[in-house]
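All chains are named by letter (A, B, ...) in the order of the sequence lines, taking the proteins before the strands, and each is independently numbered beginning at 1. Remember, it's a predicted structure, so these values are computed and weren't measured experimentally. Just so it is clear, the values below take in all heavy atoms, side chains as well, and ignore hydrogens, waters and symmetry mates.
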2 protein chains.
Amino acid sequence: MTTSGAGAESIDHARIAAALAVRGEPACRVRDVLDRVGDKWSVTLVHELGGGARRFSELRRGVPGISPRMLSATLRGLERDGFVLRTVHPTVPPQVEYALTPLGHTLLDTAWSLMNWALEHADDIDDARREYDAK
Amino acid sequence: MTTSGAGAESIDHARIAAALAVRGEPACRVRDVLDRVGDKWSVTLVHELGGGARRFSELRRGVPGISPRMLSATLRGLERDGFVLRTVHPTVPPQVEYALTPLGHTLLDTAWSLMNWALEHADDIDDARREYDAK
DNA sequence: TTCCTTGGTTACGTGGAGGGAACCATGACG
DNA sequence: CGTCATGGTTCCCTCCACGTAACCAAGGAA
C-alpha cells in the first residue's frame, strides 16, 4: 500500500480523518478516543510506558505477543497523537526511547478510570451474559 | 463518580495494576470490556439511551448512519451484557422499548468522563497530528 | 569473514467487523 | 385487494486490523 511520502507503511490516516470530519456531537469525540484506545495494543503500551521510558526491545519483551510490526505501528500512532515522545540516541547499535508526554499521562489517567470501571463490573457483565445465554 | 472525579480519589490504581500485572484472566477481562465498548455503535447507542427509553425506529432515526442490521446486533450485544433492557409491547404494530439498566447508566457515566477528557484535549491531539503530519 | 545486536520495514494472508439491499410477518386502514 | 408501519433478519460483499515471516543497515566482536 505505502500510502504517503515516506515510503513506509503507515496507519491509515485517511480513515481517522474521516472519523474526525464528523463533528458536532460529544459522542463523536468519545468515538474518536475509543478508536485510539480501543485498538489492540495502545492501552497496554500506554500502561507499560506509565512505568517510565522504555526502549523498543524493552517494550517488545515487556508486552508478550506483540509483533515488531504492531509495536512500531501502535507507537507511531501514539506519537502522532502526541501521547508518546520518541527520542533517538545516535549510538551504535541505535537506541530509541519512548516516553509518555504530559498529554499521554492524562490519557493514562483516563484509561485507568476506564479499566477501573471494567474491573468493577466485569462480574456483572459475566452474570448478565450467562443469564442471557441460558435463555 | 460521574463527570468530575472530585467526589473521591476513586480509582484503585493498585488493583488495576495487579490485574494488569497478571498476564492472565483479569487483563483479558479488561480487554474484553474494551472490545465491547470499543465497537462502532455501542457508546453512541448508550449515549442516546441516556436521554430515556427509545424505540427501535426512534434509535434508527436518532443515530444517523446506523443500519437496521447493526442497530439490531449492537442492541442485542448491549442487552446480553446487561446494559440495556428490551421490553416488547404486544401491540399492533409491534412496539419495542430499549432502556438503560442501572449497569448501563454506570457505563454512561464512564463514557461521560471519557467525553470530558476528549473535549479537554481534542485541540491538543489535533495540534499534535497536524505537527506530525507536517513533518 | 561471519555473527551479533538494535530498531525497525516489507510482503503476504486471513478473519471478522461492518455496509447495502432485499426480504419478512402482522394487522389496521382504505 | 393493496398499502403502510413496525421491528427486525438474511445474504453478500468489501475493507482493514492484525498476524506471520522474512528481510535490512550499521558496526563491533570473535
- Sorted by chain and residue number, the side chain to side chain donor-acceptor pair (under 3.5 Å) partners of B/Thr101 (sequence neighbours excluded) come out as none
- Task: Could you check how far CH2 of B/Trp41 sits from C1' of C/dG18, rounded to whole Å?
- Result: 10 Å
- Item | Partner residues of B/Asp123 under the salt bridge (charged side-chain N to carboxylate O under 4.0 Å, His left out) criterion, sequence neighbours left out | none
- Message: Keeping B/Arg76 on the side-chain end and B/Leu71 on the backbone end, is there a donor-acceptor pair under 3.5 Å?
- Response: no
Shorter than 3.5 Å, N or O on both sides, protein versus nucleotides 20-25 of chain C: list them out with atom names.
from   : atom 1 : to      : atom 2 : distance (Å)
C/dG20 : O6     : B/Arg69 : NE     : 3.3

- Query: Roughly, in whole Å, what's the span from CE in A/Met70 to P in C/dG8?
  - Reply: 15 Å
- Query: Over how many whole Å does the gap from A/Ile66 atom CD1 to C/dT9 atom P extend?
  - Reply: 13 Å
- Message: Distance alone, cut at 3.5 Å: any donor-acceptor contact between the side chains of B/Arg36 and B/Ser42?
- Response: yes
- Task: Measure the distance from CZ on B/Arg36 to P on C/dA17 and round it to the nearest whole Å.
- Result: 11 Å
- Against the side chain of B/Pro93, the closest entry in C/dG8, C/dG27, D/dT6 is D/dT6
- Message: Do B/Thr44 and B/Glu48 have side chains that approach each other closer than 4.5 Å (heavy atoms only, starting at C-beta)?
- Response: no
- Item | Per A/Val96 side chain, nearest of listed nucleotides C/dT6, D/dG8, C/dG8 | C/dG8
- Item | Contact under 4.0 Å: B/Ser57 side-chain N or O vs D/dG7 OP1/OP2 | yes
- Is there a side-chain contact between A/Thr106 and A/Leu103, using heavy atoms and a 4.5 Å cut-off? yes
- Quick one: closest heavy-atom pair of A/His47 and A/Leu108, and the distance? CA-CD1, 3.9 Å
- Note on the structure: Ranking C/dG19, C/dG7, C/dG8 by distance to the side chain of A/Arg76, first place goes to C/dG8
- Query: Using the C1' atoms of five pairs at each end, what's the angle between the two axes of the helix from C/dT1-D/dA30 to C/dG30-D/dC1, to 10 degrees?
  - Reply: 30°
- Note on the structure: When rounded to whole Å, the CD to P distance for the pair B/Glu58 and D/dG8 reads 13 Å
- Message: Check this one for me: any side-chain N or O of B/Ser72 less than 4.0 Å away from OP1 or OP2 of D/dG8?
- Response: no
- Item | side-chain N/O B/Arg86 vs D/dG8 OP1/OP2, d < 4.0 Å | yes
- Query: Rounded to the nearest Å, what distance is computed from the CG atom of residue B/Leu45 to the P atom of nucleotide D/dG7?
  - Reply: 15 Å
- Item | Nearest-nucleotide pick for B/Lys40, side chain only, options being C/dG7, C/dG18, C/dA28 | C/dG18
- Item | Where at least one partner belongs to residues 87-100 of chain A, residue pairs that pass side-chain hydrogen bond (donor to acceptor under 3.5 Å, both in side chains), sequence neighbours excluded | A/Arg86-A/Tyr98
- Provide, to the nearest angstrom, the distance between the CG atom belonging to A/Leu71 and the P atom belonging to C/dG7. 10 Å
- Message: I'd like to know whether CD of B/Glu131 has more than 12 heavy-atom contacts from other residues, nucleotides or ligands below 6.0 angstrom.
- Response: no
Going by atom type alone, with no hydrogens or angles, which donor-acceptor pairs under 3.5 Å involve a side-chain atom of residues 60-70 of chain B and a protein atom two or more places apart or on another chain?
from    : atom 1 : to      : atom 2 : distance (Å)
B/Ser67 : OG     : B/Met70 : N      : 3.2

- Let me know the distance between CD of B/Gln95 and P of C/dG27, rounded to the nearest Å. 16 Å
- Among D/dG7, D/dT6, C/dA28, which nucleotide sits nearest the side chain of B/Phe56? D/dG7
